[in-house]
Amino acid sequence: MERPGRLLLQSELRVRNAAYDVSLSRSLLTWKRRAASPVYHPFRPSVCHSVPVSEIISVREEEEENGSRQRDDGSWKKIREREGKDCRQAFTVLYVERCQQHRWRCAEVTFTCSDETVCQHWVSSIREQLASNTSRPKHLLVYINPYGGKHQGKRIYEQKVAPLFTQAGISTSVIVTEYANHARDHLKMEAELKKFDGVVCVGGDGMFSEIIHGLIWRTQIDCGVDPNSPEEALSPCSLRIGIIPAGSTDCICFATVGTNDPVTSALHIIVGDSQPLDVCSVHHNNMFLRYSVSLLGYGFYGDVLSDSERKRWMGPARYDFSGVKMFLTHHYYEGTVSYLPARGIIGTPRDATRCRSGCVICQHNGQLNSERSEKYEMDEASDSVSIHPWLFCSPESSGEWRTIRGKFLAINAASMSCACPRSPKGLSPAAHLADGTTDLILVRKCSRFNFLRHLLRHTSKDDQFDLTFVEVHRVRRFRFMPRHCQSDSDLELDLHENSKRQIFSQICKDHPACGCAPAYSSWNCDGEILTHTAIDVRVHCQLIKLFARGIEELPVFEDLTNPCAI
Ligand SMILES: Nc1ncnc2c1ncn2[C@@H]1O[C@H](COP(=O)(O)OP(=O)(O)OP(=O)(O)O)[C@@H](O)[C@H]1O
Ligand SMILES: CCCCCCCCCCCCC/C=C/[C@@H](O)[C@H](CO)NC(=O)CCCCC
Ligand SMILES: [Ca+2]
């Protein structure tokens with residue numbers, strides 16, 4: 001809760017023909033209705049509003065012309081007639097107003113007063129306060145995917161977002177993409193990033209993935225880091241990314257803001273919010289494949305994605321269709337998962353606490369992570385012995401690798417909750433946005449009925465991990481090896497265990513038309529299909545930053561949020 005602090009300005013102004021005491025401090029703008037009579041009236045509480053200065057979008061002078069007033073935007077407004085002849089000067093403050101379900105709207109209040117100098121003093125003081133806020137972006141590079149989701153990206157940006165940016169005095173360079181990977185390659189090679197305070201992505205999770213691939217790559221090249229190496233500590237990106245949701249799932253926007261609403265996202269960008277985010281790098285045999293910030297899913301979610309890609313014409317409904325189809329198909333896959341448990345951190349995947357705005361767990365674990373990497377860099381500098389990467393003895397591997405072999409319906413790694421409208425609490429409800437870990441969820445082979453119980457729990461209050469065939473681990477790094485990529489000695493052992501199945505899977509791999517279960521699934525990496533199944537995944541703590549603040553805790557009692565009530 002913000003306290004007013006030292007007042008910069010205090011005046012009696014009018015709002016809709018009523019007298020208000022209006023005050024401005026560095027942190028708050030407050031307007032409190034003056035009591036008509038000094039006698040205490042229990043049934044008429046004084047009306048008081050306050051807005052954090054950090055949530056003021058802009059201030060606008062209302063210009064006078066022929067006895068009526070004109071807005072900066074040209075629309076006529078008869079304030080003088082409405083508010084009494086003595087009120088001649090007016091200014092309007094646009095600010096963030098919270099609505100239901102984490103949505104933000106742009107609200108406005110017009111103050112009038114008889115003294116022009118007072119009015120101008122108010123306008124310039126508020127503008128000074130806004131200008132002194134260095135976290136607000138002034139120049140943005142905007143990429144629009146015109147084909148994401150329901151093909152509404154361009155319309156959404158032009159109608160809902162651009163007018164707000166103009167009001168907030170933000171200049172933009174807009175690129176409407178012409179082909180897949182246009183935005184990624186532009187960021188990698190062409191964009192003059194020094195000119196901008198941030199990048200805006202208008203599209204879905206796939207488009208966001210393009211943006212982070214371009215930005216992370218470019219940052220590493222500019223900092224002299226090899227982006228291909230699985231062992232390098234990657235340099236964090238300084239430019240923040242704003243997401244205007246215009247895709248099919250928009251899980252990254254939903255899990256970092258709490259809603260998929262373009263106006264809310266635009267307002268988070270304008271006020272200059274900042275939310276760090278973990279990024280997983282995915283390698284195959286030391287070869288870089290992709291980055292992931294939300295879901296890495298093998299088995300069920302990999303199959304849903306592969307099937308749904310062929311049905312893009314269906315739009316967002318393709319996921320529901322393929323989801324039901326893959327649930328009925330009920331394929332399981334064999335392989336070995338090894339992982340490094342996240343040690344020394346606060347939090348587990350079964351916690352009741354959730355990652356919310358200003359999350360202390362992310363702050364604590366982020367700090368721990370940077371201290372560890374500093375120590376590691378110092379140790380590295382004083383130790384010239386080279387070590388094979390798979391035996392690598394970095395601080396993160398000082399905990400032991402653990403290995404699990406089995407038959408899995410799904411292997412999911414959720415670096416954030418992956419909440420989305422389909423599953424408002426997400427795949428891993430207690431996962432954190434910026435704690436340097438991912439939640440590794442293993443769903444072993446079970447009956448269709450049991451798998452349905454697990455899936456349906458993603459949409460209810462029940463715990464999807466409280467089932468005997470599901471286990472979840474918070475990890476810093478993991479590897480997966482499908483069974484048929486394993487070493488010969490492993491295969492020999494397996495042959496004794498299950499020789500029949502081994503033979504049939506080999507046959508079926510070569511002859512998929514025979515109808516037997518396939519031996520391999522594919523990885524769903526934030527909605528993109530990976531071409532390799534054997535992967536090595538490492539979490540990079542807080543590698544990127546978004547124009548977001550995490551999901552805000554909803555107030556229990558409205559009055560507690562109102563400093564006027566204290
Ligand atoms: N101009 C373009 N033409 C064709 N494809 C594009 C273009 N611009 C971007 N893309 C690609 O479109 C794919 C899907 O885009 P996007 O993520 O915006 O929507 P979506 O797949 O419907 O949503 P979600 O990822 O949230 O499920 C991305 O992988 C992106 O690389
Ligand atoms: C039999 C039906 C049971 C219904 C169970 C519903 C469970 C829903 C869980 C949804 C989890 C979404 C995870 C997000 C993944 C995104 O990175 C990715 C890219 O946008 N989306 C998908 O892969 C799209 C994946 C869509 C899966 C349905
Ligand atoms: Ca995380």
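Count residues from 1 along the sequence. Just follow the structure's listing: the first ligand is 1, and inside any ligand the first atom is 1.
Neither the backbone nor the side chain of Arg184 comes within 4.0 Å of ligand 1, counting heavy atoms alone. The part of Arg318 lying near ligand 1 is the side chain, judged by heavy-atom distances below 4.0 Å. At a 4.0 Å heavy-atom cut-off, ligand 1 touches Met207 through backbone and side chain alike. Only backbone heavy atoms of Tyr179 (N, CA, C or O) come within less than 4.0 Å of ligand 1; its side chain stays farther off. Contacts of His213 with ligand 1, taken as heavy-atom pairs under 4.0 Å, are absent altogether. Under 4.0 Å from ligand 2, not a single heavy atom of Ile252 appears.
Here Glu471 pairs with Arg444 in a salt bridge; the nearest charged N to carboxylate O distance falls below 4.0 Å. Salt bridge status for Asp261 with Arg105: present, with a side-chain N to carboxylate O gap under 4.0 Å.
Of the protein's non-hydrogen atoms, the one nearest atom 13 (C) of ligand 1 is Asn145 ND2, 4.0 Å. The nearest heavy-atom contact from the protein to atom 22 (O) of ligand 1 is Ser248 OG, 2.6 Å.
Under a 4.0 Å criterion applied to the non-hydrogen atoms of Tyr301, ligand 2 contributes the atoms 7 (C), 9 (C), 27 (C).
For Ser294, the heavy-atom gap to ligand 2 drops under 4.0 angstrom. Under a 4.0 angstrom heavy-atom cut-off, Tyr319 registers as being in contact with ligand 1. Using a 4.0 Å cutoff on heavy atoms, Asp526 counts as a contact of ligand 2.
Within the protein, the number of N, O or S atoms lying under 3.0 Å from the Ca ion (ligand 3) is 5.
In this structure, atom 24 (C) of ligand 2 has a protein heavy-atom contact shorter than 4.0 Å. For atom 2 (C) of ligand 2, the nearest protein heavy atom lies 4.0 Å or farther away.
At least one N or O atom of Thr249, backbone or side chain, sits closer than 3.5 Å to an N or O atom of ligand 2.
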Salt bridge (Lys or Arg N to Asp or Glu O under 4.0 Å) for Arg240 and Asp197? Distances and angles first, verdict last. CA-CA 7 Å; Arg240 282 167 289 171; Asp197 307 309; over 6 Å; no
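Proximity of His186 to Ile175: side-chain heavy atoms (C-beta onward) are separated by under 4.5 Å at one or more points.
Rounding to the nearest 0.5 Å gives a distance of 8.0 Å between OG of Ser274 and CZ of Phe547.
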